[in-house]
Amino acid sequence: MVRTQLSVNLNKVALIRNSREGNWPDPVFFGRIALEAGAAGLTVHPRPDERHIRVSDLKPLSDLVKEYPGREFNIEGNPFENLMPLLREIRPHQATFVPDAVGQKTSDHGFDFSDPDVRAKLVPVIEEAKSYGCRVSLFMDPEPEYTRWAKEVGADRIELYTEAYADAWNTLIADAIVTPYADCAKLADELGLGVNAGHDLSLENLEPLLKACGNVLEVSIGHAFTAEALQFGFAETVRRYNELLDKIAAE
Ligand SMILES: CC(=O)[C@@H](O)[C@H](O)COP(=O)(O)O
Ligand SMILES: NCC(=O)COP(=O)(O)O
């Protein structure tokens with residue numbers, strides 16, 4: 001069982017910040033709390049409309065992560081919208097490609113790898129991101145065939161899109177839906193692809209998914225993390241995730 005790493009997504013800290021003038025709560029301040037508490041990295045999704053994370057947040061966050069050797073900065077976005085110039089400027093450890101439309105409420109699907117045009121378009125931007133020193137992860141619905149295509153287009157990792165799993169968890173059928181995620185994770189291992197996971201994961205629903213997959217290298221968690229941090233505090237929430245991740249890895 002791999003010891004999965006926690007990357008704290010700061011989008012929702014920035015969303016609260018943007019509801020007023022000024023820079024409080026400052027994503028850098030809370031990013032530092034997360035890193036000091038033991039988070040393996042920070043994730044942000046600088047959407048084109050800057051509804052939460054702004055382009056101006058990226059360099060300060062990148063500089064913050066560099067103060068913590070071994071921790072990683074992960075920038076998510078649509079490579080066919082605003083992401084590539086940001087990767088060229090910031091050169092994060094990881095770039096996670098997400099096919100979100102500009103005004104989309106949240107990420108709600110992975111790439112349509114069954115479309116040869118999508119696959120052809122991904123190849124050069126993956127190569128470009130790698131030329132900036134970024135590891136490339138592709139946001140993906142839990143379709144095992146898509147894992148093969150992610151490998152084919154040159155990705156380093158897949159990020160399993162876990163909203164359907166989280167929804168199933170809420171209706172206690174998570175055991176039934178975890179199978180495609182485990183199948184994708186197993187195939188990824190066979191193909192030499194790393195496995196990340198994210199979207200709607202939480203302290204409550206994380207364990208069965210990670211145990212079923214066995215090889216998830218990183219979970220990026222923001223929405224639930226922020227709500228949990230309202231209850232437990234930012235540092236304590238990081239501690240609880242790391243305690244859970246240690247427990248899962250030890251079993
Ligand atoms: C790709 C994904 O599922 C999330 O990382 C994304 O960042 C969520 O975006 P919002 O925080 O804007 O809902
Ligand atoms: N890649 C998923 C992520 O960064 C955060 O997703 P969520 O926990 O805000 O749903």
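Whatever order the structure lists them in is the order used to number ligands and atoms, beginning at 1.
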Salt bridge check: are [X] and [Y] linked by an N-O gap of less than 4.0 Å?
{"X": "R239", "Y": "E236", "result": "yes"}
{"X": "R17", "Y": "D26", "result": "no"}
{"X": "R54", "Y": "E50", "result": "no"}
{"X": "K59", "Y": "E89", "result": "no"}
{"X": "R51", "Y": "D49", "result": "yes"}

side-chain contact (heavy atoms from CB on, under 4.5 Å) with V44: which of N9, D57, I53, I90?
->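 Passing option: I53.
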Of the protein's non-hydrogen atoms, which lies at the shortest distance from [atom], and what is that distance?
{"atom": "atom 8 (C) of ligand 1", "result": "T106 OG1, 3.6 Å"}
{"atom": "atom 3 (O) of ligand 1", "result": "H199 ND1, 2.5 Å"}
{"atom": "atom 11 (O) of ligand 1", "result": "N11 ND2, 2.8 Å"}
{"atom": "atom 1 (C) of ligand 1", "result": "S107 OG, 3.3 Å"}
{"atom": "atom 9 (O) of ligand 1", "result": "R47 NH2, 2.9 Å"}
{"atom": "atom 10 (O) of ligand 2", "result": "D200 N, 2.8 Å"}
{"atom": "atom 3 (C) of ligand 2", "result": "S220 O, 3.3 Å"}

Can you list the atoms of ligand 2 that are under 4.0 Å from a heavy atom of [X]?
{"X": "E76", "result": "1 (N), 2 (C), 3 (C), 4 (O)"}
{"X": "H223", "result": "7 (P), 8 (O), 9 (O)"}
{"X": "T43", "result": "4 (O)"}

Taking heavy atoms and a distance under 4.0 Å, where does E163 meet ligand 2: side chain, backbone, both or neither?
->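 For E163, no heavy atom sits under 4.0 Å from ligand 2.
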Under 4.0 Å from a heavy atom of H52: give me the atoms of ligand 1 that qualify, with their elements.
->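 Here the atoms of ligand 1 in question are 10 (P), 11 (O), 12 (O).
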For ligand 1, which atoms, with element, lie under 4.0 Å from some heavy atom of H45?
->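 What qualifies from ligand 1 is 6 (C), 7 (O).
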Tell me, please: is H223 in heavy-atom contact with ligand 1, that is, under 4.0 Å?
->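 Under 4.0 Å: no for H223.
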Measuring from the heavy atoms of E159, does anything fall under 4.0 Å of ligand 1?
->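 The answer is no, since E159 has no heavy atom less than 4.0 Å from ligand 1.
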Honestly, is R240 close enough over F232, meaning NZ or CZ under 6.0 Å from the six-membered ring centre and within 45° of the axis?
->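 Judged by the rule, R240 and F232 form a cation-pi pair.
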Is it the case that the ring center of [Y] lies less than 6.0 angstrom away from the ring center of [X]?
{"X": "W149", "Y": "F111", "result": "no"}
{"X": "F234", "Y": "F225", "result": "yes"}
{"X": "H93", "Y": "F73", "result": "no"}

Before signing off on this row, confirm whether [X] and ligand 2 have an N or O atom pair separated by under 3.5 Å.
{"X": "N9", "value": "yes"}
{"X": "G222", "value": "yes"}
{"X": "K12", "value": "no"}

Tell me which one of Q104, E163, H109, E76 gets a heavy atom nearest to atom 4 (C) of ligand 1.
->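 Ranked by closest heavy atom to atom 4 (C) of ligand 1, first place is E76.
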Pick from E218, H199, E159: the one approaching atom 1 (N) of ligand 2 most closely through a non-hydrogen atom |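 The nearest heavy atom belongs to E159.
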Please determine, by modelled atom types, if K12 and H223 share a side-chain donor-acceptor pair under 3.5 angstrom.
->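 Yes - a donor-acceptor pair under 3.5 Å links their side chains.
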Proximity to ligand 1 by part of N9, non-hydrogen separation under 4.0 Å |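 The part of N9 near ligand 1 is the side chain, not the backbone.
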Measure F139 to ligand 1 on non-hydrogen atoms and call it side chain, backbone, both or neither using the 4.0 Å cut-off.
->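 The answer is the side chain.
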Among D156, N74, T43, find the residue that satisfies the side-chain hydrogen bond (donor to acceptor under 3.5 Å, both in side chains) test when tested with Q94.
->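 Output: one option passes, namely N74.
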Using 30° and 60° as the class limits, which term best fits the ring planes of Y181 and Y165: parallel, tilted or perpendicular?
->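 The arrangement is perpendicular - the two ring planes meet at more than 60°.
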